Amino acid sequence: MEDLVAKMSSEKPVVIFSKSSCCMCHTIKTLLCDFGANPTVHELDEIPRGKEIEQALVRRGCNPAVPAVFIGGQLVGGANEVMSLHLSRSLIPMLKRAGALWL
């Protein structure tokens, strides 16, 4: 299952593992979309094997499991880590390096 997570997280510059009912997931998706990053979102409560993927994310160190944000194929973390990167003005340069933004 970890191989599946690795494959899914490296398909696009920005990948978010989310749950449709999670307010922090919504916040992170909105933030990244507002920057123009156009993330690929996998709603774990709406896809086959979502529960297994969620468990694999926990094994990779995501706690809570969602939102789990990958930029350039690398795990950035959850809402706290993304917001910390944003507040330190590191998020947009990271998105640019990953090819998610062309500003």
Side-chain angles (χ1 to χ4, degrees):
M1 191 52 56
E2 279 76 8
D3 290 343
L4 178 60
V5 170
K7 181 182 181 305
M8 293 171 75
S9 63
S10 63
E11 290 174 342
K12 300 286 181 173
V14 181
V15 176
I16 303 172
F17 292 92
S18 173
K19 285 190 176 177
S20 59
S21 60
C22 170
C23 64
M24 290 311 295
C25 294
H26 176 76
T27 300
I28 296 303
K29 289 184 284 191
T30 301
L31 175 72
L32 292 170
C33 287
D34 285 352
F35 287 147
N38 193 26
T40 297
V41 179
H42 299 286
E43 299 290 358
L44 299 183
D45 54 343
E46 297 177 355
I47 63 172
R49 303 183 79 183
K51 215 35 161 170
E52 295 172 65
I53 294 169
E54 183 176 354
Q55 292 168 351
L57 289 168
V58 169
R59 286 192 295 273
R60 283 189 82 163
C62 299
N63 186 18
V66 295
V69 179
F70 289 78
I71 298 176
Q74 299 298 312
L75 175 64
V76 171
N80 287 341
E81 290 80 11
V82 172
M83 291 307 293
S84 292
L85 287 168
H86 175 48
L87 293 173
S88 69
R89 298 177 186 230
S90 301
L91 183 58
I92 289 178
M94 184 181 285
L95 292 169
K96 286 179 183 176
R97 282 192 303 276
L101 298 179
W102 296 273
L103 302 174

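Nothing here was measured: the structure is a model prediction, and the numbers come from that model.
For the residue pair Gly99 and Pro13, the shortest heavy atom distance occurs at O-CG, 4.0 Å. For Gly77 against Val82, the heavy-atom pair with the smallest separation is O-CG2, 4.5 Å. When every heavy atom of Ser9 is checked against every heavy atom of Ala6, the shortest pair comes out as OG-O, 3.1 Å. Nearest approach of Gly72 to Ala98, heavy atoms of both residues: N-CB, 3.7 Å. In this structure, Ala37 and Leu101 approach most closely via the heavy-atom pair N-CD2, 3.7 Å.
Looking at heavy atoms from C-beta onward, Ile28 lies in side-chain contact with Met83 at the 4.5 angstrom threshold. With a 4.5 Å cut-off on side-chain heavy atoms, Glu52 and Leu4 do not count as touching.
Under the 4.5 Å side-chain heavy-atom criterion for Ile, Leu, Val, Met, Phe, Trp and Tyr, Ile53 and Met24 are members of distinct hydrophobic clusters.
A ring-ring contact (aromatic ring centres under 6.0 Å, His included) check over residues 49-99, counting only residues at least two apart or in different chains, returns the pairs Phe17-Phe70, Phe35-His86.
With sequence neighbours left out, Glu11 forms a salt bridge (charged side-chain N to carboxylate O under 4.0 Å, His left out) with Lys7. By the side chain to side chain donor-acceptor pair (under 3.5 Å) test, Glu46 pairs with Ser20, sequence neighbours left out. Remark: Gln55 engages Arg59 in a side-chain contact (heavy atoms from CB on, under 4.5 Å) (not counting sequence neighbours). In this structure Glu43 satisfies the salt bridge (charged side-chain N to carboxylate O under 4.0 Å, His left out) test together with Lys29, sequence neighbours excluded. Listed by chain and number, the residues in a side-chain contact (heavy atoms from CB on, under 4.5 Å) with Thr40 are Lys12, Val15, His42 (sequence neighbours excluded).
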*Assess whether side chain to side chain contact (heavy atoms under 4.5 Å, CB included) is satisfied between Ile71 and Leu91, documenting all intermediate values.*
CA-CA 10 Å; Ile71 298 176; Leu91 183 58; 3.8 Å; yes
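For the atom pair OG (Ser21) and NE2 (His26), the distance works out to 12.5 Å, reported to the nearest 0.5 Å. Taken to the nearest 0.5 Å, the CZ atom of Arg49 stands 12.5 Å off from the CG atom of Leu44.
Between Cys62 and the choices Val69, Val5, Leu75, the side chain to side chain contact (heavy atoms under 4.5 Å, CB included) rule is met once, by Leu75. Each of Leu31, Leu32, Thr30 was evaluated against Asp34; a single residue qualifies, Thr30, per the side chain to side chain contact (heavy atoms under 4.5 Å, CB included) test.
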